[in-house]
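All ligand and atom numbering here is 1-based and tracks the order in the structure. The structure displayed is predicted, hence computed values, not measured ones.
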Amino acid sequence: MEHKREKFSSSLTVFLATLSSAVGLGNIWMFPYITGKNGGAAFIIIYLLCVTLVGLPVLISEFIIGRTTRKNVYGAISRITDKKGFKSIGIIALLATYFLMFFYTVVVGWVYSYVFKSLTGTFNGITLETANSIFYNTSTNIILPILWQFIALLTGGIILVLGVKGGIEKLTKTLMPVLVILLIICAFRSITLPGALEGIKFLINPDFLKVDISVIISALGLAFFKLSVGTGSMITYSSYYTDDNRLINTASKVAIADTVVSLLAGLAIFPAVFSFGMEPSSGPGLLFNTVPLIFSQMPGGKILCIMFFMLTAMAATMAMISLLEVVIVFFTEELKIERKKAIIINILIISILGSFAALSASSEGSLGNKLIFGMSFFNLCDFLVSNIFLPINGLLIILLIGYFVNKKCVCNQLSNNETLNNKKVIGILIFIIKYIAPVLIIIIFLKSFI
Ligand code: PFF
């Protein structure tokens, strides 16, 4: 029996759900720091170029695959091509999704625990030392990180039991606007602090001298991660799109809105970091040590701290849900397992294997010194996803759409069966898909290995 598929109800909910997959930990703890470190506005320009010339074409290609086939990632790829080599896209996408979830859910768990800590007053009057020791305990304890990771997964599972419309659509429609409002409040507070200008400068001052090949490689990696391409999330979500949704338009709006959210996150964090004379450190240190410390010193900081971690938790949860949905529909459609069962099985798989990532995330964690190919399990998952699975899949997807899928089918998807007057845009897009994006991915991929 064919599984009855749901669809999102309007173009607005399509946009919000897609954006909710793109917006996540990447905006709050990766984008601002990478931008500041790699030349501010200069990096943003390169990032936007990577998004336009590579990220967006891959994203739109995924939309075409998803909406044409209306299947889970594995089924979609099998349906759209019978070329053996390209069939691997589905398998790589599933692997990428699992490996990404193993480490992503660890950090989502930490964020949940920080929401709890901010609510229960753990950060009242903290100093640099206590902030460090709170994070040390959060990441190295043998039980708590696994427990919080499980709670995060369970939350995602409960939302997904409600389905595409009742779960994903309802949640993202309500939470995305709340998230943006909370972020604007935090950014406003931060940029009105004395000495905030230095932080704004750190984020946006263009410094082209810092731009080298490694900066371009990080910009491309970030573009893939930010737009959630290569994993199957976007193929899966677009399999629920309405027929009249304008794919190029949705992809562009998502990329722009996602970049705006990242910049807002940067404006919420860096002006405050500089105002309090702190070091703009990287990823985990910035989010989990510096942020509570700053808020504890700021008037009205307690409530802002709660808001900040709540908004981070919301963003991270919605991105996590888009990953979970990939493997759940794979189970229901390909393995014919009922949705609720599929959710339970996947939560168990990810919490069990993910617990190895939870215990190895910190070098002082109980599995932190067990190395595979010279990396902890947590870092290995990150390495495999960011450096291998995502770029390879991005390349295969773009080649598939550029050269191996019927051109008429591609044009029909992009023009909604010729009801849109966008022939020129389609022409340019197909040119980028065929000739520019693949070459750029190959050059950057090879360079990153050399
Ligand atoms: N785009 C998300 C973020 O920036 O946090 C992460 C992500 C979600 C990557 C879903 C890939 C994915 F399929």
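Considering all non-hydrogen atoms of both residues, G232 and V73 come closest at CA-CG2, 3.9 Å. Across every non-hydrogen atom of N387 and F445, the tightest pair is O-CE1, 3.1 Å. Taking every heavy atom of both residues into account, F225 and G26 meet most closely at CE2-CA, 4.0 Å.
If you look at F123 and F295, their ring centroids are not closer than 6.0 Å. Between F288 and Y114, the ring center distance clears the sub-6.0 Å criterion.
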Check each N or O atom of ligand 1 against all protein N or O atoms and list the pairs under 3.5 Å, with atom names and distances to 0.1 Å, one per line.
residue	atom	partner	partner atom	Å
ligand 1	1 (N)	S21	O	3.2
ligand 1	1 (N)	A22	O	2.9
ligand 1	1 (N)	F225	O	2.9
ligand 1	1 (N)	K226	O	3.2
ligand 1	1 (N)	S228	OG	3.1
ligand 1	4 (O)	A22	O	3.1
ligand 1	4 (O)	G26	N	3.4
ligand 1	4 (O)	K226	NZ	2.5
ligand 1	5 (O)	L25	N	3.0
ligand 1	5 (O)	G26	N	2.9
ligand 1	5 (O)	Y104	OH	2.6

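Heavy atoms from other residues, nucleotides or ligands lying under 6.0 Å from CZ of F188 number 12 at most.
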